[in-house]
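Notes follow the structure.
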Amino acid sequence: MSIFALVDCNNFYVSCERVFNPKLAGKPVVVLSNNDGCVVSRSNEAKEIGIGMGAPVFEISRIIEKHDVQIYSSNYALYGDMSQRVMNTLGRFTPKIEIYSIDEAFLDLSSFGYHNLTDYGQKIRATVKQWTGIPVAVGIAESKTLAKVAGRFAKKSDKTNGVLDLTASPYQEHALARTKVGDIWGIGRRYARLLKKYGIHNALQLRNTDDTFIREKMGVVGVRILHELRGTSCLELQHTLPAKKGITSSRSFKKNVETLQELRQAVAAYVSTGAEKLRREGSAAGALTVFINTNRFKDNYYSNSETLFLPVATSDTSELIHYAHRGLKKIYREGLGYKKAGVMFTNLVPEKHVQPSLFDDRNRKRSAKLMQTLDAVNEKTGTGTLRYAGAGLGDNLRWHTAFNKRSPAYTTQWEQLPAVS
DNA sequence: TCTGGGGTCCTAGGACCC
DNA sequence: TCTGGGGTCCTAGGACCC
């Protein structure tokens with residue numbers, strides 16, 4: 001029998017901010033999305049006063065003022081670093097670990113069945129808290145989907161003290177009955193609405209539904225969920241993370257952008273970060289898509305994209321910028337206020353397997369060396385130290401993203417660490 | 001005039017996740 | 001006035017092949 005544990009960091013981004021700023025304890029705190037647009041992480045206190053996930057900041061300004069809510073721009077350098085610390089800690093408990101997202105991991109505890117799993121979960125929880133300062137909840141069950149259910153209750157219910165083991169538990173049906181279909185992993189808004197239409201409101205009802213009916217309405221994905229809810233594991237642990245299939249880099253602008261010149265700068269900057277990711281993965285892109293759009297909440301919404309297939313797969317920044325600019329020119333319309341742009345690299349191949357072209361006249365060895373040097377310098381001195389002039393000079397351009405309430409880079413730039421007394 | 005049956009590959013779009 | 005970013009998987013349908 002399989003046993004999975006889901007370890008889920010509580011209010012992860014907010015918890016990261018709190019580790020380095022203890023004054024935030026007990027206060028309502030939120031972290032905002034890029035451009036300080038909407039709420040992406042909330043402390044329990046913030047949830048209690050009615051701040052919803054994804055709420056646009058301008059809509060909750062009254063609540064913010066009234067309750068003196070502490071606001072932070074997102075600081076991904078900090079969160080990424082804290083995530084690594086948490087995952088390293090979990091790795092001490094078992095090598096069979098799947099890092100599912102920045103703040104979640106599945107552990108395979110199948111061979112731990114003879115332990116008291118609740119005690120073991122408490123040990124994991126206490127260790128992560130002690131070593132990283134991050135509070136986590138642990139859900140344990142026979143399948144990943146059930147572990148997710150257990151994790152929700154571990155987080156929500158005080159009685160669990162942060163750990164809930166539902167393996168062979170008399171509470172399993174009870175927990176399923178109290179889980180709305182929309183809260184099941186893999187069931188989003190659309191399917192939740194559809195299921196409700198047929199009188200299926202909670203996970204217990206879904207579990208007891210006929211396979212063929214679900215197969216017809218939700219395809220194989222639905223049937224898999226059904227079996228997982230019954231305790232038959234269908235979703236294996238992804239121990240080694242599969243190679244990425246695409247890499248996207250995009251941002252919205254703090255102000256509307258109208259000129260092609262500015263869009264070219266933004267696109268060059270996104271290509272730079274995307275290409276850096278490519279090289280870190282050891283991949284080269286066989287195709288590139290560039291896209292732009294105006295404000296999607298306004299009339300006359302314009303959105304367009306252009307995909308270019310590259311003669312030779314590459315991860316060379318200047319080459320990719322060249323193609324991206326060519327694509328951009330095709331979709332750019334004058335007289336519009338653009339809000340966002342981005343690039344997507346697809347048809348990825350391992351760098352070593354790049355098929356050279358007969359008509360290729362670039363010196364690829366030389367450009368690879370240049371990219372290596374560029375990455376090495378930026379690694380050492382901070383992202384963006386060396387960058388392409390095409391991405392624009394200056395550090396407050398219209399298309400830049402706003403981060404007005406960013407916390408210091410506590411963990412990644414030691415100069416800014418608070419003094420130790 | 002009749003108008004098969006199978007297979008593969010690709011793409012667009014839908015649905016979902018954090 | 002102000003509304004994030006980056007992914008995955010599945011399916012249906014068309015193109016093409018023998």
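All figures in this text were calculated on a predicted structure; none of them were measured in a lab. Proteins get letters first, then strands, A, B, ... in listed order; numbering begins at 1 in each.
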Using whole Å, report how far [atom1] of [X] lies from [atom2] of [N].
X	N	atom1	atom2	answer
I247(A)	dG5(C)	CD1	C1'	14 Å
F253(A)	dG5(C)	CZ	P	10 Å
I99(A)	dG6(C)	CD1	C1'	17 Å
M344(A)	dT8(C)	CE	C1'	12 Å
R215(A)	dC10(C)	CZ	P	11 Å

Ion pair E173(A)/R207(A), N-O distance below 4.0 Å: yes
If the cut-off is 4.0 Å, is [X] near the phosphate of [N], judged by side-chain N/O to OP1 or OP2?
X	N	result
T248(A)	dG7(C)	yes
T401(A)	dG4(C)	no
R251(A)	dG6(C)	yes
K245(A)	dC9(C)	yes
K340(A)	dG5(C)	yes

Name the nucleic acid region contacted by [X], choosing base, sugar-phosphate or nothing; use a 4.0 angstrom heavy-atom cut-off, strictly under.
X	result
K298(A)	sugar-phosphate
G342(A)	nothing
N34(A)	sugar-phosphate
R193(A)	nothing

If we ignore angles and hydrogens, is there a donor and acceptor under 3.5 Å between the side chains of [X] and [Y]?
X	Y	answer
T307(A)	T289(A)	yes
D316(A)	S318(A)	yes
N75(A)	S407(A)	yes
E17(A)	Y79(A)	yes
N11(A)	S43(A)	no
K254(A)	N404(A)	no

First encountered from the 5' end of DNA chain C, between K254(A) and V221(A): K254(A)
Intra- and interstrand pairs of DNA chain B - dot-bracket, Watson-Crick/G-U under 3.5 Å, | marks other strand: ....||||||||||||||
Contact list for DNA chain C against residues 45-66 of chain A - heavy-atom distance below 4.0 Å: P56(A), F58(A)
Rounded distance in Å between the P positions of dC18(C) and dT3(B): 24 Å
Test applied, side-chain contact (heavy atoms from CB on, under 4.5 Å); reference residue, W399(A); option that passes from T259(A), N256(A), V257(A): V257(A)
Selection from dT3(C), dT11(C), dG4(C) that lies nearest to any side-chain heavy atom of S252(A): dG4(C)
Ring geometry between F213(A) and Y198(A) (parallel below 30°, tilted from 30 to 60°, perpendicular above 60°): perpendicular
Parallel, tilted or perpendicular: ring planes of F4(A) versus F106(A), cut at 30 and 60 degrees: perpendicular
N/O donor-acceptor pair under 3.5 Å between R279(A) side chain and S315(A) backbone: yes
Contact letters for nucleotides 13-18 of chain B, in which S counts primed atoms plus P, OP1 and OP2 and B counts the base, heavy atoms under 4.0 Å: --SSSS
